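Below is one structure, written out as structure tokens, with a few remarks after it.
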Amino acid sequence: MSSSSSARSRHDREVLIIVDLQNDFCPGGALAVPDGDAIIPAVNRLAAEFVHVVLTQDWHPPGHGSFASSHPGRQLFETIEVAYGAQTLWPDHCVQGTLGAEFRPALAAPHAELVLRKGFRPTIDSYSAFRENDRTTSTGLAGYLRERGFGHLTLCGLATDYCVLFSALDAREAGFTVDVALEACRGIDLDGSLARAITAMQDAGIVLL
Ligand code: VGL
Ligand code: ZN
């Protein structure tokens, strides 16, 4: 057994999901999360502990419906009504094939077994790695994890109050037990969204580490 695999101690029913640790969510990126790259040492430590790791990647086509630039006259970070309800308008970010959409180079998870891309449908955003923002379109991730025999998920990454939050809530709803490693997450915090996210996760039975 190699030294790296013997250092990995987590049980085979457990998987680490690293959410959207991409250039555009780090300082200098198009939708930078404050201190977003400060989580990388903690994320890399977690990744080294887990045998099984999944990465998610926000992956929007140019002109995506979540971009303020697609809605002339609208402001950045404004909330508008779309077919499925409220949608926050973001700067253009994580456009497919661009440097901003690539994983942060300092992320060290070469043994990740799946990269789950989301947000690729032009008119539907997807904060959750499980279900798009219309709350009906599945990404297939729950089925994948179940078929792999995973029962317990640990989440970390960006941003605590958007993609980590929605992924954690949907994971609970799909029947997984869920931990969120808060020291390995950072939030965007629009209008108190970070505090609301913490409360919502606690109320859903998610264990905050
Ligand atoms: C995210 C806003 C828009 C995230 C993705 O990864 O939390 N937030 N797209
Ligand atoms: Zn996005």
Side-chain angles (χ1 to χ4, degrees), residues 16-40 43 54-71 74-80 82 84-104 107 109 112 115-135 137 139 141 153 155-171 178 180-182 184-198 200-201 206:
L16 177 69
I17 301 181
I18 304 174
V19 176
D20 297 2
L21 195 29
Q22 294 164 259
N23 289 323
D24 270 342
F25 295 122
C26 290
L31 178 43
V33 177
D35 254 354
D37 56 348
I39 68 173
I40 291 175
V43 170
V54 167
L55 307 178
T56 75
Q57 190 172 28
D58 211 36
W59 195 249
H60 301 306
H64 190 250
S66 75
F67 297 167
S69 62
S70 304
H71 304 270
R74 299 296 187 158
Q75 301 296 309
L76 282 177
F77 306 110
E78 190 180 332
T79 300
I80 64 164
V82 297
Y84 50 77
Q87 172 66 49
T88 303
L89 295 180
W90 305 105
D92 292 26
H93 66 280
C94 296
V95 174
Q96 296 168 358
T98 64
L99 188 62
E102 288 179 14
F103 293 112
R104 195 71 173 166
L107 169 64
V115 175
L116 189 285
R117 288 175 167 169
K118 61 182 180 60
F120 49 77
R121 288 187 175 79
T123 60
I124 315 179
D125 203 3
S126 192
Y127 298 150
S128 167
F130 293 87
R131 195 160 50 161
E132 301 192 13
N133 284 14
D134 63 1
R135 315 305 292 146
T137 304
T139 67
L141 182 58
L153 318 183
L155 271 66
C156 63
L158 304 171
T160 319
D161 39 353
Y162 288 91
C163 291
V164 174
L165 167 69
F166 280 79
S167 298
L169 294 176
D170 283 349
V178 183
V180 171
L182 278 185
C185 300
R186 287 293 183 281
I188 295 174
D189 204 12
L190 285 184
D191 303 320
S193 57
L194 189 52
R196 281 197 304 277
I198 301 292
M201 289 192 282
I206 293 157

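Keep in mind it's a predicted model, so treat the numbers as computed, not measured. Whatever order the structure lists ligands and atoms in, that order sets their numbers, starting from 1.
- Looking at Lys118 and Asp20, a side-chain N of the basic residue comes within less than 4.0 Å of a carboxylate O on the acidic one, giving a salt bridge.
- In this structure a side-chain-to-backbone donor-acceptor pair under 3.5 Å is missing from Asp161 to Ala197.
- The nearest N, O or S atom of His93 is closer to the Zn ion (ligand 2) than 2.8 Å.
- Using a distance-only test at 3.5 Å, with no hydrogens or angles considered, no donor-acceptor pair links the side chain of His93 to the main chain of Ala30.
- Within Asp58, the N, O or S atom at minimum distance from the Zn ion (ligand 2) carries the name OD2.
- Note on His60: its N/O/S atom closest to the Zn ion (ligand 2) is NE2.
- Each of Phe67, Phe25, Tyr162 was evaluated against Trp90; a single residue qualifies, Tyr162, per the ring pair (Phe, Tyr, Trp, His ring centres under 6.0 Å) test.
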So what's ligand 1 close to, N/O to N/O, under 3.5 Å?
| unit_1 | atom_1 | unit_2 | atom_2 | d |
| --- | --- | --- | --- | --- |
| ligand 1 | 6 (O) | Asp20 | OD2 | 2.6 |
| ligand 1 | 6 (O) | Leu158 | O | 3.4 |
| ligand 1 | 7 (O) | Ala159 | N | 3.0 |
| ligand 1 | 7 (O) | Cys163 | N | 3.1 |
| ligand 1 | 9 (N) | Asp58 | OD2 | 3.1 |
| ligand 1 | 9 (N) | His93 | NE2 | 3.1 |

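- To the nearest 0.5 angstrom, Leu89 atom CG is 4.5 Å from Ile80 atom CD1.
- Separating the CG atom in Leu141 from the OG atom in Ser128 is a distance of 8.0 Å, to the nearest 0.5 Å.
- Side-chain contact, Asp58 with Gln22: no donor N or O sits under 3.5 Å from an acceptor N or O.
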